[in-house]
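Read through the structure below, which is laid out as structure tokens, and then see the notes.
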Amino acid sequence: MEVADKIRKLRVQKGYSQEYLADRLGISQKTYSNIEAGKSRLDIRLLDDLAEVLEVGVEELLFSDKTINQVNKDNAVGYGYVETLHILSEKLIEQYEKRIELLEKEIENLKKQIN
């Protein structure tokens with residue numbers, strides 16, 4: 001099941017409207033609608049906020065139930081959960097690196113304007 005489909009399913013299960021979730025997330029209803037339609041990507045902050053409002057873990061939104069439920073008989077965390085954390089960490093690092101790159105370019109442009 002795609003992320004957008006999971007989000008829509010959880011929203012409907014909770015009885016929330018798109019307008020309600022958009023308001024809770026601080027975004028427009030159109031932006032939220034695009035998320036559920038799979039037309040917009042979620043940044044890590046918005047994904048985390050959405051998971052919190054829907055009362056699920058981020059990993060539940062991103063990965064299949066099979067991946068999430070890989071827990072051994074001793075209730076130790078299985079490979080799927082560790083892999084989920086690793087992927088989330090990589091995505092977060094990637095977002096920060098892109099943001100740093102944009103800020104560095106902005107700094108360069110501002111320096112040029114001063115000179």
Side-chain angles (χ1 to χ4, degrees):
M1 182 181 291
E2 295 293 320
V3 173
D5 296 329
K6 288 181 185 182
I7 292 169
R8 181 177 25 263
K9 180 181 174 184
L10 288 166
R11 176 184 59 80
V12 170
Q13 284 177 349
K14 294 280 186 184
Y16 297 154
S17 68
Q18 287 188 350
E19 293 83 5
Y20 172 78
L21 276 179
D23 184 57
R24 288 281 311 267
L25 297 170
I27 59 176
S28 71
Q29 188 276 327
K30 181 165 179 58
T31 299
Y32 182 82
S33 177
N34 284 337
I35 290 168
E36 277 195 9
K39 295 178 182 177
S40 293
R41 289 184 161 209
L42 290 164
D43 67 24
I44 195 75
R45 179 200 58 82
L46 192 57
L47 183 65
D48 188 49
D49 291 347
L50 184 57
E52 183 178 330
V53 171
L54 293 173
E55 299 175 330
V56 296
V58 171
E59 65 277 1
E60 187 172 339
L61 294 177
L62 294 178
F63 302 100
S64 71
D65 293 338
K66 183 178 178 182
T67 301
I68 295 167
N69 293 323
Q70 291 179 357
V71 177
N72 69 23
K73 293 178 183 175
D74 298 326
N75 291 326
V77 176
Y79 173 78
Y81 186 75
V82 172
E83 182 67 14
T84 298
L85 291 177
H86 177 71
I87 291 169
L88 288 175
S89 297
E90 286 180 349
K91 288 181 180 184
L92 187 58
I93 289 168
E94 184 180 313
Q95 283 186 340
Y96 281 125
E97 287 173 345
K98 286 179 182 177
R99 181 70 177 138
I100 289 168
E101 184 179 321
L102 289 172
L103 289 171
E104 286 173 344
K105 287 179 181 178
E106 188 176 335
I107 290 169
E108 287 302 313
N109 287 335
L110 291 171
K111 284 180 179 179
K112 288 177 185 177
Q113 290 177 6
I114 292 173
N115 295 329

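Keep in mind that what you see is a predicted model, and the values were worked out from it rather than measured.
With sequence neighbours left out, the side chain to side chain donor-acceptor pair (under 3.5 Å) criterion links Q18 to Q29, E36. Applying the ring pair (Phe, Tyr, Trp, His ring centres under 6.0 Å) criterion to Y96, with sequence neighbours excluded, gives no partner residue. Among residues two or more places apart in sequence or in another chain, the side chain to side chain contact (heavy atoms under 4.5 Å, CB included) test is passed with Q13 by K9, L10. In this structure, K112 has no salt bridge (Lys or Arg N to Asp or Glu O under 4.0 Å) partners at least two apart in sequence or on a different chain. Here K105 pairs with E101 under the salt bridge (Lys or Arg N to Asp or Glu O under 4.0 Å) rule; sequence neighbours left out. Every residue two or more places apart in sequence or in another chain that forms a side chain to side chain donor-acceptor pair (under 3.5 Å) with T31 is listed here: S28. Qualifying side chain to side chain contact (heavy atoms under 4.5 Å, CB included) partners for K98, counting only residues two or more places apart in sequence or in other chains: E94. Residues passing the salt bridge (Lys or Arg N to Asp or Glu O under 4.0 Å) test with E104, sequence neighbours excluded: none. Every residue meeting the side chain to side chain contact (heavy atoms under 4.5 Å, CB included) condition with L103, not counting sequence neighbours, appears here in chain and number order: R99, E106. Evaluation of the side chain to side chain contact (heavy atoms under 4.5 Å, CB included) rule for D48 yields V58 as partners, not counting sequence neighbours.
Side-chain atoms of L50 and Y32, non-hydrogen and from C-beta on, do get closer than 4.5 Å to each other. Residues I7 and L42 have side chains in contact (heavy-atom distance under 4.5 Å, counting atoms from C-beta outward).
Residues in residues 12-28 take part in these salt bridge (charged side-chain N to carboxylate O under 4.0 Å, His left out) pairs, two or more places apart or across chains: K14-E55.
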> Passes side chain to side chain contact (heavy atoms under 4.5 Å, CB included), L54 versus L21? Steps please.
Replying inline: CA-CA 9 Å; L54 293 173; L21 276 179; 4.0 Å; yes
